[in-house]
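For clarity, every value in this text was computed on a predicted model and none was experimentally measured. Side chains are part of it too, since the values below use all heavy atoms of this structure and drop only hydrogens, waters and symmetry mates. So that the names make sense, note that chain A is the first sequence line, chain B the second, and so on, each numbered from 1.
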Protein chains: 2
Amino acid sequence: MKPLSKAKLKLVEATIESLMEEGVDGCSVRKIAEKAQVSTGLINYHFGSIDNLIAAAYSYLAFTFLDSAIEASMKSEGDARQQLSAFIKEIFSGQVLQRRVLRAWVVFWGLIDSSPAIQSAQSDSNSSFTSYLEQLFMQLQELKGKQISPKMAALGLTALIDGLWLEMCLEEGAIKPLQCRKLCEHWVDSI
Amino acid sequence: MKPLSKAKLKLVEATIESLMEEGVDGCSVRKIAEKAQVSTGLINYHFGSIDNLIAAAYSYLAFTFLDSAIEASMKSEGDARQQLSAFIKEIFSGQVLQRRVLRAWVVFWGLIDSSPAIQSAQSDSNSSFTSYLEQLFMQLQELKGKQISPKMAALGLTALIDGLWLEMCLEEGAIKPLQCRKLCEHWVDSI
DNA sequence: AGGTAAATTGAACGAGTGTTCAGTTTATAT
DNA sequence: ATATAAACTGAACACTCGTTCAATTTACCT
């Protein structure tokens with residue numbers, strides 16, 4: 001993730017806000033420029049097109065969330081099992097668990113066919129997520145013996161996290177963060 | 001799900017095709033009308049607005065997929081465990097596992113804030129899905145004893161299925177259908 | 001201070017959007 | 001066959017979109 005210039009960062013942050021508030025409707029040079037308090041021409045100047053701006057916003061956001069979860073996990077200083085718990089706890093801590101975040105993600109997914117940059121960003125962030133979990137599962141299985149490979153365990157947990165997040169964002173009240181954590185902990189304990 | 005008239009069904013099917021092919025870009029009266037081989041005015045005539053047409057398309061599609069999975073499950077004639085396996089097998093059978101299906105779903109999710117009809121359709125189909133699974137988990141737990149409630153087990157499996165489907169659609173080759181089935185079977189066996 | 005490059009503005013442009021609606025065609029009932 | 005209702009057409013409309021670009025402003029270097 002290379003650092004963004006101040007001007008670019010301003011546009012990226014405005015984009016994230018616009019997408020989180022209005023989803024697809026927020027995907028508009030006029031709305032983004034207004035939020036950034038700049039003129040619409042700057043989007044093309046700095047990013048070449050609105051699609052590239054959105055891809056940049058995606059990369060920035062995805063890695064921001066992942067970094068904070070990994071950081072929480074590493075801070076726990078316990079063994080792999082405790083690090084997994086800390087990771088899960090951070091993921092379901094409330095920042096991500098809002099429909100506003102899903103709104104932005106829906107835009108990103110909608111552009112995945114037409115934007116190689118978004119497809120790349122998705123691949124990169126997803127594999128970082130899964131690789132980190134796989135590493136923790138490997139350490140876990142050194143202690144416990146094997147039922148499922150660390151890679152599959154990581155893929156399963158990633159999917160479970162994504163699915164639960166989707167469930168929570170699509171339907172408020174369907175399931176609570178604590179329940180999500182319990183289900184994820186159950187997954188980890190079942191390996 | 002009330003039956004659609006022939007004319008409405010034609011538009012609904014054209015909508016599904018348009019959204020599956022082009023995602024958000026296929027969300028266009030002109031493109032849908034062309035696929036249905038009718039004039040654009042018919043969308044407003046029959047459905048009042050394009051949003052209502054899309055909501056109708058969503059209901060139709062969601063219940064079509066769910067019905068086929070439930071049907072396969074019921075056909076298996078085995079006990080609850082076997083029915084769960086048949087359900088999982090049908091879900092990961094290939095019909096749903098295409099990016100084209102995700103493309104349509106991304107449009108539906110994108111409209112969830114602004115279309116009460118889509119929010120309802122999502123709630124209804126999701127709770128039908130989860131309720132059916134919950135019922136199977138209840139029968140399963142009569143035989144096996146309880147670790148996690150049937151409702152939570154169903155929610156977890158629903159989330160796992162959704163997450164795996166998302167993974168497969170977003171990134172071809174990341175995970176195979178057979179692996180998805182294994183992970184789901186692992187979930188079921190871990191309850 | 002002066003010159004140049006970079007950043008920025010905002011209006012114009014062509015393209016596309018969903019909705020509206022008068023006119024036409026088709027279906028239905030008698 | 002006739003009358004009426006329903007279904008359908010397709011053009012027009014007002015609006016929004018992202019991109020382009022000449023002009024202006026700001027930043028940077030000497």
Side-chain angles (χ1 to χ4, degrees), chain A residues 2-19 21-58 103-104 106-108 110-118, chain B residues 2-19 21-58 103-104 106-108 110-118:
Chain A
K2 70 183 170 183
L4 297 167
S5 68
K6 199 170 169 185
K8 283 186 174 180
L9 183 58
K10 197 176 182 184
L11 278 169
V12 163
E13 285 170 344
T15 301
I16 288 165
E17 193 180 338
S18 191
L19 297 186
E21 283 178 8
E22 300 193 57
V24 172
D25 292 342
C27 199
S28 148
V29 287
R30 285 170 176 82
K31 286 180 183 178
I32 291 163
E34 189 183 339
K35 277 192 192 310
Q37 293 178 310
V38 297
S39 81
T40 63
L42 267 203
I43 288 167
N44 282 74
Y45 180 76
H46 282 295
F47 291 94
S49 71
I50 185 167
D51 280 1
N52 291 341
L53 171 57
I54 289 167
Y58 181 30
R103 273 190 211 114
V106 165
V107 174
F108 300 142
L111 291 170
I112 203 161
D113 284 323
S114 54
S115 168
I118 289 188
Chain B
K2 70 182 169 183
L4 296 167
S5 68
K6 200 169 167 188
K8 282 186 173 179
L9 184 59
K10 197 175 182 185
L11 278 169
V12 162
E13 285 171 344
T15 301
I16 289 165
E17 193 179 336
S18 190
L19 298 186
E21 284 178 7
E22 303 195 53
V24 173
D25 293 342
C27 199
S28 148
V29 288
R30 287 170 176 78
K31 288 181 183 178
I32 290 163
E34 189 184 337
K35 279 195 188 307
Q37 293 177 309
V38 298
S39 80
T40 62
L42 265 204
I43 287 165
N44 284 72
Y45 179 78
H46 282 296
F47 292 94
S49 70
I50 185 167
D51 280 2
N52 290 343
L53 170 57
I54 289 167
Y58 181 29
R103 272 190 212 114
V106 167
V107 174
F108 300 142
L111 292 170
I112 203 161
D113 285 324
S114 53
S115 168
I118 290 190

Any B:Ser39 side-chain nitrogen or oxygen under 4.0 Å from OP1 or OP2 of D:dT9: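 Answer yes for this pair, as a side-chain N or O of B:Ser39 is under 4.0 Å from OP1 or OP2.
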Is the phosphate of C:dT8 approached by A:His46 (side-chain N or O, under 4.0 Å from OP1 or OP2)?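 It does, given that an N or O in the side chain of A:His46 lies less than 4.0 Å from OP1 or OP2 of C:dT8.
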Specify the separation, in whole Å, of atom [atom1] of [X] and atom [atom2] of [N].
X	N	atom1	atom2	answer
A:Glu34	D:dT16	CD	P	13 Å
A:Ile54	D:dG18	CD1	P	8 Å
B:Leu111	C:dG18	CG	P	11 Å
A:Asp25	D:dG18	CG	P	11 Å
B:Lys31	C:dA15	NZ	C1'	12 Å
B:Ile43	D:dT9	CD1	P	11 Å
B:Leu42	D:dC8	CG	C1'	5 Å
B:Ile32	C:dG16	CD1	P	16 Å

Have a look at B:Thr15 and tell me which of B:Ile43, B:Ile54, B:Ile50 forms a side chain to side chain contact (heavy atoms under 4.5 Å, CB included) with it. B:Ile54
Could you check B:Gln37 against A:Thr40 and say which one's nearest nucleotide on DNA chain D is further toward the 5' end? B:Gln37
Grab the two heavy atoms, one from [X] and one from [Y], that are nearest each other, plus how far apart they are.
X	Y	result
A:Thr40	A:Val29	CG2-O, 3.8 Å
B:His46	B:Ala7	NE2-CB, 3.6 Å
B:Ala55	B:Ser115	CB-OG, 4.1 Å

Would you mind telling me which of [options] lies closest to the side-chain atoms of [X]?
X	options	result
A:Ser49	C:dT17, D:dG10, D:dT19	D:dT19
A:Val29	D:dA7, C:dG10, D:dG18	D:dG18
A:Asn44	C:dT19, D:dA7, D:dT20	D:dT20

Return the 5'-most residue of the pair A:Gly41, A:Tyr45 with respect to DNA chain C, ranking by each residue's nearest nucleotide. A:Tyr45
If you look at every strand shown and take non-hydrogen atoms under 4.0 Å, does B:Ile50 touch a base, only sugar-phosphate, or nothing?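 Sugar-phosphate, no base atom in range.
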Salt bridge present between A:Lys31 and A:Glu21 (N-O < 4.0 angstrom):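 No, this pair does not count.
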Do B:Arg30 and C:dG16 share a donor-acceptor pair, side chain to base, under 3.5 Å?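 Such a pair does not exist between side chain and base.
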